[in-house]
Each structure stands twice: as structure tokens, then as C-alpha cells.
Amino acid sequence: MTTDDQLTFRQFLLREHRNHGTPKDLIFLLEDIATACRTISHKIRSGAFAGTLGATEDTNVQGETQKQLDVIANDQFMLHCANCSRVAALVSEELDNVVWLKDQAKAGDYIIYFDPLDGSSNLELNISVGSIFSIVELQEDLTELNDEAVLIAGTEQICAGYSLYGPSTSLVVTTGHGVNGFTHLNGTGEFLLTFPDMQVPAQTQEYAINSSRQKYWEAPVQRYVEECLVGVDGPRGKRFNMRWVASMVAEVHRILTRGGVFLYPRDSENAPMGGRLRLLYEANPMGFIIEQAGGKASVGGGRILEVDPTELHQRVPVILGSSEEVDLLDRYHSE
Ligand code: AHG
Ligand code: MN
Ligand code: MN
């Protein structure tokens with residue numbers, strides 16, 4: 001049973017079309033992405049029966065072992081995103097190079113970036129994982145297809161979203177007019193609008209960082225975490241709680257729900273790679289979503305969205321969440 005405010009995904013998208021002129025092509029594409037996510041959710045939930053929770057013998061371009069479901073999820077995104085004739089190219093964590101779907105690409109065509117399965121080290125543990133996507137429009141006609149053409153800053157995103165495969169399957173989307181969260185109604189093909197206009201509270205008492213890397217952290221991050229740990233007697237004057245799921249999608253969903261700050265900073269070990277998380281299909285979409293919900297997303301002294309990409313699988317430092325915490329971390333980075 002649905003209530004009036006629990007619009008179906010299609011009803012919501014048609015309302016976006018009426019209110020904000022969201023193009024029909026984008027609506028069809030988002031419905032196809034929702035289908036991909038629903039299918040991936042099903043494949044994950046049946047993975048123990050199908051024997052697909054474990055690794056393949058392959059590594060991806062990042063040198064990481066691919067899980068069987070990384071590949072399955074990637075195939076679903078490729079299959080469903082190809083339906084829309086306006087999609088010119090696909091960029092995936094699991095693909096070495098850009099996949100062009102057209103011989104010629106023109107201004108206004110879509111480029112889709114995706115992390116088909118985020119947090120896949122959690123698969124065997126039955127801990128939440130997710131999918132992340134970002135969509136930009138090509139700025140100009142391409143006389144010749146070239147992979148550099150997809151190196152577009154996050155400020156140009158027209159849409160970003162993620163699906164979280166947890167106790168329920170969520171779909172969270174922004175088209176630049178706020179952030180809305182949907183829940184898959186089991187047994188149907190429908191995602192219903194269950195979390196309209198999601199907002200990141202400006203203040204928080206919760207942070208997320210992989211503390212096993214502490215010996216590598218830079219001084220601003222050491223200082224920030226130390227001050228959180230001192231609690232009421234320290235400069236923050238309040239206690240902090242800590243969480244680390246090791247699935248960025250789950251961390252961002254928590255921050256959109258009750259606030260918090262997530263850090264995967266540059267440190268002395270990952271600095272040669274530029275950081276840990278990937279700009280085009282992890283940091284940019286999550287940065288866009290967090291900003292659209294009133295939070296902030298920084299590399300530690302500058303917006304993630306303003307980073308000029310130079311490589312397809314480029315990594316960047318990521319600090320995002322409640323605005324007051326991100327501002328404080330930015331200040332520590334500038335001092
Ligand atoms: P992926 O599974 O797509 O490679 O991404 C995992 C990422 C991110 O989701 C998470 O925050 C981080 O890696 C976990 O890193 P640690 O292994 O250092 O905890
Ligand atoms: Mn990921
Ligand atoms: Mn992944």
C-alpha cells in the first residue's frame with residue numbers, strides 16, 4: 001500500500017520534469033539505472049546460493065582483485081545504461097578504459113561514471129554494499145572520440161546517485177534540486193519516495209575514518225581526531241562517537257540520515273596515488289549529493305567538485321559531511 005507522499009520513482013521524476021524541466025532522456029536513463037540497481041540487489045541477496053560472493057582470478061585496472069559480483073554489477077550497469085540513445089560513453093571502476101557507445105558524440109550527450117559495487121570486500125560478511133553513479137553532459141561536439149573528453153569536473157554533474165543494498169534497498173538521487181531517497185518495495189518493481197528532501201545536519205558528534213591508518217595521517221587529521229577523542233574536556237567541548245563500515249555508500253547514507261563526517265584523507269602511504277577513493281565515480285557523485293543536502297565535500301582545502309580531472313581512475317582525498325566539521329578540517333589544513 002502506498003500513501004500520497006510515497007510517490008513512485010516515475011511519479012517523482014515526472015514531477016521533477018514539470019517543476020525543473022528534467023529532460024525525458026534523463027528520466028528514462030534513471031529508470032534504467034533503477035532497474036540495474038534492483039537487479040544487482042537481487043543478485044547480491046542470492047549470491048550465497050549462486051556461489052558468487054567470492055573473488056574472481058582477475059584484477060581490475062586499480063590492481064584490486066575483482067569479486068564475482070563486481071563483474072556482475074558492472075555488466076548490469078552496462079546493459080541498462082546502453083538503452084538510452086543519448087548516452088555516449090561509460091566509465092567504470094571495473095573497466096580499464098572509456099567504453100564509447102557511439103561513433104560520434106555531440107554536445108548534450110551523456111557520460112555516465114559508476115562504481116558498480118562499492119564496499120565489495122564486505123560481500124561475504126553480509127554487510128551493506130552499494131552502487132554509485134554520476135552523469136554529466138558533454139560540453140561540445142567531438143569530431144573524434146578521445147578518452148580525455150570525459151575528464152570533466154564534478155561541478156558539471158547534472159545528476160548523481162547511489163543505491164544501498166542493506167536491510168532494505170535504497171535509491172538516493174539528486175538532479176541538482178535537493179536530494180531524495182527511495183526504498184524498494186519488496187516483491188514489486190517500485191522504488192517509493194520514503195525520504196524526501198534529505199538534509200545533512202550542520203552539526204554532529206560522529207566521525208568515520210579508518211583508524212588503522214593513523215600512523216600515516218597528516219597533522220591536520222591527527223589534530224582533528226585527537227580533539228574529537230578528548231571529548232567534553234577538550235577544545236570541542238563534546239563527546240564524539242566513531243563508525244567505520246568500509247562501504248562509502250553506507251557511510252554517506254548514515255550522514256544523510258543523522259549527520260556526521262567521513263574522512264578518507266591523503267596520508268603518507270596513499271599520497272603517491274593521490275588518495276584512496278576515486279574522483280570520477282566515488283568522490284564527485286558523493287560530493288554532489290552531500291552539497292545538495294546542505295553538507296560540504298572537500299579534498300582538505302578546496303571543493304572536491306572543483307578538482308580538474310587528469311586521469312580516468314584518479315584518486316583524491318575525501319572529507320565530507322556536516323558543514324561545520326568539514327569547515328573545521330579545511331581550517332586545520334590551511335593552518
Ligand atoms: P570499492 O569496494 O569500490 O573498491 O570501494 C571501497 C572503498 C570505500 O567504499 C570504503 O570507504 C573504503 O574503500 C574502505 O577502505 P578500507 O579498506 O581502508 O577500510
Ligand atoms: Mn568504491
Ligand atoms: Mn567498487
Side-chain angles (χ1 to χ4, degrees), residues 36-37 40-41 43-44 47 52-56 58-78 90-96 112-134 160-166 172 207-217 221 225 242-256 260-271 273-287 289-290 297 304 312-321:
C37 294
I40 293 166
S41 172
K43 300 266 184 197
I44 291 166
T52 49
L53 294 179
T56 67
D58 297 323
T59 51
N60 64 17
V61 67
Q62 341 262 332
E64 295 165 346
T65 303
Q66 282 178 316
K67 293 290 189 71
Q68 293 178 60
L69 278 160
D70 282 324
V71 178
I72 291 167
N74 187 63
D75 290 347
Q76 285 299 321
F77 262 85
M78 293 188 62
L90 305 175
V91 174
S92 166
E93 177 187 340
E94 305 304 337
L95 300 168
D96 296 9
I112 311 177
Y113 310 83
F114 50 90
D115 176 353
L117 201 46
D118 173 69
S120 53
S121 69
N122 279 325
L123 277 169
E124 291 97 328
L125 314 181
N126 198 18
I127 291 174
S128 298
V129 293
S131 302
I132 313 172
F133 64 91
S134 159
Y162 65 79
S163 187
L164 174 62
Y165 313 117
V172 172
Y207 67 94
I209 191 166
N210 181 346
S211 298
S212 70
R213 307 186 60 80
Q214 182 178 7
K215 68 176 176 180
Y216 304 121
W217 291 347
V221 174
V225 174
M242 199 283 286
R243 286 286 183 273
W244 187 252
V245 187
S247 288
M248 188 196 199
V249 171
E251 321 270 10
V252 167
H253 198 70
R254 184 183 64 247
I255 290 170
L256 281 171
V261 61
F262 168 89
L263 302 95
Y264 215 121
R266 180 178 43 236
D267 61 35
S268 61
E269 192 189 46
N270 67 32
M273 300 187 302
R276 164 74 171 89
L277 297 172
R278 281 59 55 106
L279 174 63
L280 292 175
Y281 42 80
E282 291 177 320
N284 270 343
M286 291 312 204
I289 292 166
I290 289 287
I304 289 171
L312 210 54
H313 299 283
Q314 181 174 347
R315 297 173 190 256
V316 288
V318 172
I319 297 172
L320 55 76

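All ligand and atom numbering here is 1-based and tracks the order in the structure.
- Pairing each heavy atom of D96 with each of L312, the nearest pair is O-CD2, 3.6 Å.
- Of the residues F77, Y162, F133, the one that meets the ring pair (Phe, Tyr, Trp, His ring centres under 6.0 Å) test with F114 is F77.
- The CG atom of D58 lies 9.5 Å from the OG1 atom of T65; values are rounded to the nearest 0.5 Å.
- If you check each of F262, W244, Y264 against atom 18 (O) of ligand 1, the one with the closest non-hydrogen atom is Y264.
- When heavy-atom distances to ligand 1 are checked against a 4.0 Å cut-off, S247 comes that close only through its backbone atoms N, CA, C and O.
- The distance from the Mn ion (ligand 3) to the nearest N/O/S atom of D115 is under 2.8 Å.
- Residue R213 places every heavy atom at 4.0 Å or more from ligand 1.
- Side-chain contact check for I72 versus N74: every heavy-atom pair is 4.5 Å or farther apart.
- Among protein heavy atoms, atom 2 (O) of ligand 1 sits closest to G119 N, 2.8 Å.
- Distances shorter than 4.0 angstrom occur between a heavy atom of L117 and an atom of ligand 1.
- Among the backbone and side-chain atoms of E93, none of the N, O or S atoms lies under 2.8 Å from the Mn ion (ligand 2).
- Between the side chains of E94 and N60, at least one donor N or O lies within less than 3.5 Å of an accepting N or O.
- The nearest N/O/S atom of D118 to the Mn ion (ligand 2) is OD1.
- Listed by number with element, the atoms of ligand 1 under 4.0 Å from a non-hydrogen atom of L277 are 7 (C), 8 (C).
- Counting atoms of ligand 1 from 1 in the listed order, those under 4.0 Å from a heavy atom of E64 are 4 (O).
- Those atoms of ligand 1 that come under 4.0 Å of a heavy atom in N210, given as number and element, are 16 (P), 18 (O), 19 (O).
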Verdict with supporting geometry, F262 and W244, ring pair (Phe, Tyr, Trp, His ring centres under 6.0 Å): CA-CA 9 Å; F262 168 89; W244 187 252; 5.5 Å; yes
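- The atom of E282 that is an N, O or S and sits closest to the Mn ion (ligand 2) is OE2.
- Nearest protein heavy-atom contact of atom 5 (O) of ligand 1 is D118 OD1, 3.2 Å.
- Within the coordination shell of the Mn ion (ligand 3), defined by N, O or S atoms under 2.8 Å, P116 is absent.
- Interface of S120 with ligand 1, defined as ligand atoms under 4.0 Å from a residue heavy atom, comprises 2 (O).
- E93 and R315 are not joined by a salt bridge, as no carboxylate oxygen comes within less than 4.0 angstrom of a charged side-chain nitrogen.
- Interface atoms of ligand 1 facing D115, defined by a heavy-atom separation under 4.0 Å, are 3 (O).
- Nearest protein heavy-atom neighbour of atom 13 (O) of ligand 1: R276 NH2, 3.0 Å.
- Nearest-heavy-atom check against atom 4 (O) of ligand 1 across Q62, R278, M248 picks out R278.
- Against a heavy-atom cut-off of under 4.0 Å, E282 is close to the following atoms of ligand 1: 3 (O), 5 (O).
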